[in-house]
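Worksheet: one structure, shown below.
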Amino acid sequence: DVQLQASGGGLVQAGGSLRLSCITSGFSLHDYLNTYAIGWFRQAPGKGREGISCIGSTDRSQYYTGSAKGRFTISSDAAKNTVYLQMNDLKPEDTAVYYCAADYRPPCTFEPDWYEFWGQGTLVTVSS
C-alpha cells in the first residue's frame with residue numbers, strides 16, 4: 001500500500017525559506033528497485049493544481065517550472081524514503097497547499113494526471 005506524507009508547511013514572511021518533505025511508504029526511491037517519477041505541485045485558493053518541480057529515476061535530473069526556477073530545489077534521500085523541496089525567497093504568491101505525487105513511470109512531468117499516488121498536502125502561507 002503506497003502512501004505519501006507531505007509536511008513542512010507553515011507561515012513565513014516574504015523572503016523567508018521553508019523545506020517541505022514528502023515521506024514515501026510502500027514506494028521505493030532506490031532506482032535499482034523500481035523506476036519512479038516524483039513531483040511537487042501546489043494549489044492556491046480558486047486556482048488549479050500547478051506543477052512546481054519534479055525528478056525522475058531515469059536521469060535524476062531536476063525540473064522546475066518558471067515560478068520555481070532559481071528559488072526552489074528538489075532533492076531526494078532514498079535511504080530515508082524522502083523527497084524534499086527547499087523553497088527560498090518565498091513570495092506571497094507562493095501561498096498555496098503543496099502536494100507531492102509519485103508514479104512508477106518516468107520521466108517526471110508537470111501533468112497531475114500522470115501521477116497515481118498523492119500526499120495529503122501541506123499549507124504554505126507567505127505574508128507580505
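No single ILVMFWY cluster, assembled from side-chain heavy atoms under 4.5 Å apart, contains both I74 and V97.
Between M87 and L20, the closest side-chain pair of non-hydrogen atoms falls below 4.5 Å. At a threshold of 4.5 Å between non-hydrogen side-chain atoms, the residues I38 and F27 count as touching. Annotation: side chain of L90 is not in contact with side chain of Q13 (no heavy-atom distance under 4.5 Å). L29 is listed as a side-chain neighbour of T24, based on a closest heavy-atom distance under 4.5 Å. Annotation: side chain of F72 is not in contact with side chain of N88 (no heavy-atom distance under 4.5 Å).
For residues 63-99, no pair satisfies disulfide (SG to SG under 2.5 Å), with sequence neighbours left out. Contacts classified as disulfide (SG to SG under 2.5 Å) and involving residues 42-73 (residues at least two apart or in different chains) are given here: C54-C108. The list of ring-ring contact (aromatic ring centres under 6.0 Å, His included) pairs with a residue in residues 39-67, not counting sequence neighbours, reads F41-Y115, F41-W118.
Here the closest heavy-atom approach between residue S17 and residue Q86 is recorded as CB-NE2, 3.9 Å. In this structure, T82 and S21 approach most closely via the heavy-atom pair CG2-CB, 4.1 Å. Contact record, G119 with Y99: O-CD2, 3.6 Å, taken as the closest heavy-atom pair. Contact detail for Y104 and P106: the closest heavy-atom pair is O-CD, 3.2 Å. Scanning both residues, D31 and S57, for their nearest heavy atoms gives CB-CB, 3.8 Å. Heavy atoms only, all atoms of each residue included: G8 and L18 are closest at O-CD2, 3.8 Å.
Annotation: the span from C100 atom SG to I23 atom CD1 amounts to 9.5 Å, rounded to 0.5 Å. In this structure, CZ in R19 is found 9.5 Å from OG in S7, a value given to the nearest 0.5 Å.
Between the side chain of D103 and the main chain of E116, a donor-acceptor pair closer than 3.5 Å is present. With hydrogens and angles ignored, the 3.5 Å screen pairs no side-chain donor or acceptor of S76 with any backbone N or O of A78.
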I'd like a table of donor-acceptor pairs (distance under 3.5 Å, sequence neighbours excluded) in which one partner is a side-chain atom from residues 120-128, with atom names and distances.
unit_1 : atom_1 : unit_2 : atom_2 : d
Q120   : OE1    : A6     : N      : 3.3
Q120   : NE2    : A6     : O      : 2.8
T122   : OG1    : G9     : N      : 3.0

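Under the salt bridge (charged side-chain N to carboxylate O under 4.0 Å, His left out) criterion, K80 pairs with no residue, sequence neighbours left out. For S67, the side chain to side chain contact (heavy atoms under 4.5 Å, CB included) partners at least two apart in sequence or on another chain are R42, E50, I52, T65.
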